[in-house]
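One structure is given here, and the rest of the page talks about it.
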Number of protein chains: 2
Amino acid sequence: MRSRKRSDGPSQPPGDGETVEAEPDGGRDWRKRRTRRALINAALALLEGERSFSSLSLREVARGARITPAAFYRHFSGMEELGHALIEDSFESLHEMMRKARAGGLPSTRMIRASVKVFLDHVGAHRAHFSFIAKERFSGSTVIRVAIRKEVRLWVGELAVDLSRFPALGKFSAEDLQMLAGLMVNVVVAASELVLDTPPKDKEALTRIYRHAEKQMRLVMLGAGAWDSSRSSG
Amino acid sequence: MRSRKRSDGPSQPPGDGETVEAEPDGGRDWRKRRTRRALINAALALLEGERSFSSLSLREVARGARITPAAFYRHFSGMEELGHALIEDSFESLHEMMRKARAGGLPSTRMIRASVKVFLDHVGAHRAHFSFIAKERFSGSTVIRVAIRKEVRLWVGELAVDLSRFPALGKFSAEDLQMLAGLMVNVVVAASELVLDTPPKDKEALTRIYRHAEKQMRLVMLGAGAWDSSRSSG
DNA sequence: AAAAGCGGTAAACAAGTGTTGACTGACATG
DNA sequence: CATGTCAGTCAACACTTGTTTACCGCTTTT
């Protein structure tokens, strides 16, 4: 049915539904991908405010992309399919973030704490995508929720692998490594959600959130240093 | 038609058979409170599934309460006011639980960990309420989000006060106590959200979540034991 | 017993919704 | 050049939505 297109990278500023950057060859399929992206951006723009995806109407999104509602169906069978495209688009941003965080080399106390800043900066720079994820994490349809959950679990798993190469964590069992990674991800996710609920220009509140999260991360690592998996009998 | 308990009351105080207020006298204001509650319950029932509050329609809720849409306005000025009533109702059960958790006496390592179970049990027993809170925490309108945030912050503050009476935490500054309390609340909130996304009969998955959260809480307390606020330059 | 208060119904309103069908015109292919 | 493909418009369909108006009947009060 729908062959995978060229990986249309997520655009950054979905301010208006029709700004798209790609190599313009003016062709027909190029034009189609162009308005497809306009639809995604229009949805993200609407979602950046208070609206939730389930409250978005098909006509509204089409309007934001300067398209008639009937033309919407040339790209998606309905809103649900648009939702999937939004997930794909947003997770591309999430994966980029994960790649960025792991690029620092072997894990170390300093690097882990630095990652907090990298994550939160990335979230702040891609508000629309992460705002969508944060909202739909618990509020969306089941398929969307499980997709998001899968990605978070994957993220935790990768972090656990990274942590296993951290010599100071020798006393951790495999399960406890997952537990630790989950705790760390929790800290970052919670801080991300605070960042999303803070106006970007309120630098003071943002640095307060950053410092808060970094402290929490440090405390968690302190606890990890004192942990002994052999004592973890339920 | 999903009826909650036999009693329409949101939460009956642990008092014994002594009924002090709201005895069914069939009077007019009693009848009014009765349908008001029917509206709240109808909304909660709709919210218990995949729906989000913002996607709920006034007529839909009225229909669920077997009421004409016009009669809805006899109780609430609109959906937003219903939202506030839902928050009030939901946090009433939360406060009830917090009272229960603090009644155990002075905080101790054992009690803190036991509180995890108490809390998660409570969440599981009041799915509709906490499902609403979890969904609207990031997805709702600003006023609702702010209201929820205020309650959570209040909760963190109370926990920080309790922790300050914990002799082992002498090295914590006031700010760091908030940080620690925030971290602990994060652990419980994250676990709660997992509980809400798990079918109640899947006991195995639930106990896994419980154990996970308890471990995380223990690790946090381990970290707190090694914390030194004087080192928190930042 | 009469009057007032008030929770409820029924009907109507404009406005917005998802979806369909017929049509159009620029592009791609023969 | 001719032709078919197809992203797009336009109009109409049968809804559902929030809100207002008038009215009814039971409680409460006078």
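In what follows, chains are A, B, ... by sequence order, proteins preceding strands, each numbered from 1.
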Which whole-number value in Å describes the distance from [X] [atom1] to [N] [atom2]?
X      : N       : atom1 : atom2 : answer
M79(B) : dT16(D) : CE    : P     : 17 Å
K32(B) : dT27(D) : NZ    : C1'   : 14 Å
R28(B) : dT27(D) : CZ    : P     : 9 Å
W30(B) : dG8(C)  : CH2   : P     : 11 Å
R63(A) : dC10(D) : CZ    : C1'   : 16 Å
F72(A) : dG16(C) : CZ    : C1'   : 17 Å
R34(A) : dA26(C) : CZ    : C1'   : 15 Å

*Please check if the side chain of S55(B) supplies one atom and the backbone of R51(B) the other of a donor-acceptor pair under 3.5 Å.*
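It does not hold such a pair.
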*Just by distance, do the side chain of E136(A) and the backbone of R145(A) share a donor-acceptor pair under 3.5 Å?*
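No: the side chain of E136(A) does not pair with the backbone of R145(A).
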_Please pick, from dC10(D), dT9(C), dC6(D), the nucleotide with the shortest atom-to-atom distance to any side-chain atom of T68(A)._
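Selected nucleotide (nearest to the side chain): dC10(D).
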*Quick one: is dG8(D) close enough that its OP1 or OP2 comes under 4.0 Å of any side-chain N or O from T35(A)?*
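Yes, T35(A) has a side-chain N/O under 4.0 Å of OP1/OP2 on dG8(D).
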*OP1 or OP2 of dT20(D) under 4.0 Å from side-chain N/O of Y73(B)*: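 No, no such contact exists.
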_Interatomic distance, L163(B) atom CG to Q178(B) atom CD [nearest 0.5 angstrom]_ =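 L163(B) CG to Q178(B) CD: 10.0 Å, rounded to 0.5 Å.
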*Using the closest heavy atom to pick a nucleotide of DNA chain D for each, name whichever of L58(B) or A70(A) lands nearer the 5' end.*
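The 5'-side residue here is A70(A).
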*Name the residue closer to the 5' end of DNA chain D, choosing between R74(A) and E60(B) according to the nucleotide with the nearest heavy atom.*
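Its nearest nucleotide being more 5', the pick is R74(A).
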*asked:* By the 4.0 Å heavy-atom rule, please label G78(A) as base, sugar-phosphate, or nothing.
replied: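 G78(A): no heavy atom of the nucleic acid under 4.0 Å.
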*Base, sugar-phosphate, or nothing for S57(B), non-hydrogen atoms under 4.0 angstrom?*
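Contact class for S57(B): sugar-phosphate only.
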*Please figure out whether P69(A) or A71(B) has its closest DNA chain C nucleotide nearer the 5' end.*
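With A71(B) and P69(A) compared, the 5'-side residue is A71(B).
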*More than 12 foreign heavy atoms under 6.0 Å from CD of E80(A): is that the case here?*
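Not more than 12 within 6.0 Å, no.
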*Check if the side chain of R31(B) and the base of dG7(C) share a donor-acceptor pair of N or O atoms closer than 3.5 Å.*
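No pair found.
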_Any N or O donor-acceptor pair under 3.5 Å from the base of dG16(C) to the side chain of R59(A)?_
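Such a pair does not exist between side chain and base.
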*asked:* Check this for me: does any side-chain nitrogen of one of E175(B) and R211(A) sit under 4.0 Å from a carboxylate oxygen of the other?
replied: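 Yes, charged N to carboxylate O under 4.0 Å.
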